Amino acid sequence: MGRIVEVEAYLGPEDRASHARFGETARNRVMFGPAGRAYVYLVYGMYDCLNVVTGPDGVAAALLIRALSPLDGTDSMRVDRVLRATTRRRSLTPDQAAAAARRIERLPVARLASGPGIAAAAFGLDTGWTGVDLCDPSSPLRLERAPAAEPVPIVVTTARIGVDYAGEPWSTEPWRFVELGHASVSGPA
DNA sequence: GCAAGGATATCG
DNA sequence: GATATCCTTGCA
């Protein structure tokens, strides 16, 4: 379990940075369905990224979960991180794999899910989780309302990360939302 | 600074 | 069918 501290918003087909920019395809089909479902895709051949479908039925919008502050199950997160780091790399020598495992074992808790690829890895997610209803209280993967935080977190916006290819204005719109100063946030605050 | 993965959308 | 590209990460 973790608290979401960094997300990015992706709009419909007009958003040139969104997977919906080519219209409905086999990969992004769930984005065009009802809100509240998971959309997990593979990027750069080795990292899965978790999104929450947000638009109403027929409108392909989604929220990319970029970072979580781990709250519980951190041992399990380390196990899944190591598993992913050592199985998704074909050209790793045994020495390199052992070094990667040691590095993950030593990571501070705040860094276990600090980035879209490693957040999904920490939760053991892959593309097979696409379509799961995140609003169903009985779902193994679900969203829950956080208790009121004290002090109240300050949320700031920045441009989205890794979307320069989309060009203006999509690459500069302030559609990344981060909890200011949180140790689990990836990239610039 | 850059290579490592494989799925994907697009082009011949 | 072939290929450039990708909502990333951790190394040199």
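Quick note on labels: first sequence line is chain A, next is B, and so on, each numbered from 1. Just so you know, these numbers come straight off a predicted model, no measurement behind them.
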| said: Please determine whether the number of non-hydrogen atoms from other residues, nucleotides or ligands lying under 6.0 Å from atom CD1 of A:Ile154 exceeds 12. | reply: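 No, CD1 of A:Ile154 has 12 or fewer neighbouring heavy atoms, counting only those of other groups under 6.0 Å.
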| query | Near A:Arg16 CZ, under 6.0 Å, is it more than 12 heavy atoms from other residues, nucleotides or ligands? | reply | no
Take atom [atom1] of [X] and atom [atom2] of [N], then tell me their distance rounded to the nearest Å.
| X | N | atom1 | atom2 | result |
| --- | --- | --- | --- | --- |
| A:Leu92 | B:dA3 | CG | P | 16 Å |
| A:Arg81 | C:dT8 | CZ | P | 15 Å |
| A:Glu8 | C:dC6 | CD | C1' | 14 Å |
| A:Ile161 | C:dC6 | CD1 | P | 16 Å |
| A:Arg88 | B:dA3 | CZ | P | 22 Å |
| A:Tyr41 | C:dT8 | OH | C1' | 9 Å |
| A:Tyr47 | C:dT5 | OH | P | 21 Å |

Can you measure from [atom1] ([X]) to [atom2] ([Y]) and round to the nearest 0.5 angstrom?
| X | Y | atom1 | atom2 | value |
| --- | --- | --- | --- | --- |
| A:Met1 | A:Arg142 | CE | CZ | 9.0 Å |
| A:Leu63 | A:Ile4 | CG | CD1 | 7.5 Å |
| A:Arg29 | A:His19 | CZ | NE2 | 15.0 Å |
| A:Leu50 | A:Leu64 | CG | CG | 8.0 Å |

| request: Would you kindly compare A:Gly162 and A:Gln96 by the position of their nearest DNA chain C nucleotide and give the one closer to the 5′ end? | output: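 Nearer the 5' end of the strand: A:Gly162.
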| Quick one: on DNA chain C, does A:Tyr39 or A:Arg89 contact a more 5' nucleotide (nearest heavy atom)? |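 The residue whose closest nucleotide sits nearer the 5' end is A:Tyr39.
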| task | State whether a side-chain donor-acceptor pair under 3.5 Å links A:Glu6 with A:Ser184. | result |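 Checked: A:Glu6/A:Ser184 side chains show no N/O donor-acceptor pair below 3.5 Å.
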| field | Short side-chain donor-acceptor distance under 3.5 Å, A:Thr93 and A:Asp95 | value | no
| field | Per A:Pro116 side chain, nearest of listed nucleotides C:dG10, C:dT8, C:dC6 | value |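 In terms of side-chain proximity for A:Pro116, the closest of C:dG10, C:dT8, C:dC6 is C:dT8.
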| request: At under 4.0 Å between heavy atoms, which parts of nucleotides 6-12 of chain B does protein reach? Answer with one letter per nucleotide, 5' to 3': B base, S sugar-phosphate only, - none. | output: B-SSS--
| Any donor and acceptor pair, going by atom type alone, linking the side chain of A:Arg78 with main-chain N or O of A:Leu107 inside 3.5 Å? |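 Between the backbone of A:Leu107 and the side chain of A:Arg78 there is a qualifying donor-acceptor contact (under 3.5 Å).
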| message | Defining pairs by Watson-Crick or G-U wobble geometry with both distances under 3.5 Å, how would you list the stems of DNA chain B with at least three pairs each? | response | B:1-4 with C:8-11, B:6-11 with C:1-6
